[in-house]
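Data block below; observations after.
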Amino acid sequence: MSSTVDKAWATLEQLTDPEIPVVTLRELGILRDVRETAEGIEVVITPTYSGCPAMGQIEDDVRASLERAGIAARVVTRLAPAWTTDWMSDEAKEKLREYGIAPPHHTPKDVSVVKFVRRAAPAEPVACPLCGSTHTVVTSQFGSTACKALYKCLHCQEPFDYFKPY
Amino acid sequence: MKAPVEYLLHLADNAVVLGQRDAEWCGHGPILEEDLALANVSLDLIGQARLLYQLAATRMGGDATEDRLAYFRGDTEFRNYTLLELPNHGALVGYAAADRDYATTIVRNFLYGALMVLLWEALEKSADADLAAIAAKSLKEARYHLHHAADWVVRFGDGTDESHARAQAALDHLFPYTEEFWTPSAAEDAAVASGAAVDLRTLRAAWDALVADTLAEATLVRPQVRGYVPEGKHGRHSEHLGYLLGEMQGLARAHPGATW
């Protein structure tokens, strides 16, 4: 039976994020677990942003790819612990950078709400994924998707997406 | 201990109603970046509402579903704050035609966002594990919402004479509605008693500080508030909620059970 679990992992390893096709669901931390239960194989996924429209697509992709591989499995969604960008491997972050998206910093620990909101608080610089310069500026807190912010590099003048720490 | 369903619906209705209001800017944002920003905020809010409605529906059992709760309850059954159903412009009757005012939208998102970062943070420790899980997710999103709104409050307030005047007018109009935050409903009292929620009055000082901080930087003046306490969370709403639900629920009610 454990070979079925291995086979499921291998099958799902092919699946990438619908909007960021260079990283796999496992690398992003969306695919949490494949395990054997009394009722058969169970695949555990966790949503990123609550309203991320890609989640439905991701669940469909998971089901379809398991079906194609002839693996009978249940897909369950788990909310806790909440997904965090800290689960992304360094390798996945490097892939994001190569793809042109600045990877997320580590999420700040123990930030009090009040401190977070203060505008005067110095922000950690985000390096431009194209030229590496940290001379960058936020254009908008919200970019092309809920998980990204829009930045501009003042050095090479290119706009780019920043994957927000979550 | 499980949070009472009425309390979950209060949280869900807040999220869905503000999500609907913010979504009115979709395709009409003052600049492209803000169009995207508001659409993203709405997506988060509607996503949060779905998680809460799903949880409420599971606990209600029977034929309850997230769609039934969102689309097939009438205005007096909604438990959202009155603040969140008001139109994206100043005080006018419900059927008035008026331009959307971005300052009104931003100030509302700011006042509510400041509450929600504090509330979600507290609910992360809820005795109701399902609610705590939703809170942990929502807090991360609420932080970005507040960050976005506070940033614009400062730009407007400390901006041009026109943007300052509009931001102050929005604040004067909306601030009295925040009194509803601090007067608990029976559902909130029951949630607190069960250990699933916290008494919002214990968060008031922190909220005051958050708001004061940004208003000071924005050179805006916190209006004096006295007397009136809205009762949206008791199901007694302004005339505006009916119009909002008319638009939000129209499709689902015209074609019940439709899928595509």
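Just so we're on the same page: letters track the sequence lines, and every chain starts at 1.
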Measure the [atom1]-[atom2] distance between [X] and [Y] for me, rounded to the nearest 0.5 Å.
| X | Y | atom1 | atom2 | value |
| --- | --- | --- | --- | --- |
| B:Lys140 | A:Thr84 | NZ | OG1 | 4.0 Å |
| A:Thr139 | B:Leu32 | OG1 | CG | 11.0 Å |
| B:Asn40 | A:Lys148 | CG | NZ | 9.5 Å |
| A:Lys164 | B:Arg143 | NZ | CZ | 13.5 Å |

pair A:Tyr166-B:Lys137: side-chain heavy atoms closer than 4.5 Å
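SC-SC contact between A:Tyr166 and B:Lys137 confirmed.
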Any side-chain heavy atom of B:Leu43 sitting closer than 4.5 Å to one from A:Pro53?
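With C-beta onward as the side chain, the pair touches.
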How are the rings of B:His145 and A:Phe142 set to each other: parallel, tilted or perpendicular (split at 30° and 60°)?
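B:His145 vs A:Phe142 ring planes: tilted.
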With A:Gln141 as reference, evaluate B:Glu33, B:His147, B:Glu34 under the side-chain contact (heavy atoms from CB on, under 4.5 Å) test and give the passing residue.
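Filter result, single survivor: B:His147.
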Which pairs with one or both residues in residues 44-54 of chain A pass side-chain hydrogen bond (donor to acceptor under 3.5 Å, both in side chains), sequence neighbours excluded?
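Sorted pair list: A:Ser50-B:Glu141.
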Give the minimum heavy-atom separation between B:Asp44 and A:Ala146, together with the two atoms involved.
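Where B:Asp44 meets A:Ala146 most closely, the heavy atoms are OD1-CB, 4.1 Å.
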Please rank A:Ala149, A:Cys52, A:Ser140 by heavy-atom pairs under 4.5 Å with chain B and give me the top one.
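So the answer, after comparing A:Ala149, A:Cys52, A:Ser140, is A:Ser140.
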Other residues, nucleotides and ligands only: do more than 12 of their heavy atoms fall within 6.0 Å of CZ on B:Phe175?
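Enclosed: over 12 neighbouring heavy atoms sit under 6.0 Å from CZ of B:Phe175.
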With a 6.0 Å cut-off (strictly less than), is the heavy-atom count around CD of B:Glu247, excluding the residue itself, greater than 12?
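Atom CD in B:Glu247 is not crowded, with 12 or fewer foreign heavy atoms closer than 6.0 Å.
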Select one option (side chain, backbone, both, neither) describing which atoms of B:Leu51 are under 4.5 Å from chain A's heavy atoms.
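Side chain of B:Leu51 only, per the 4.5 Å heavy-atom cut-off to chain A.
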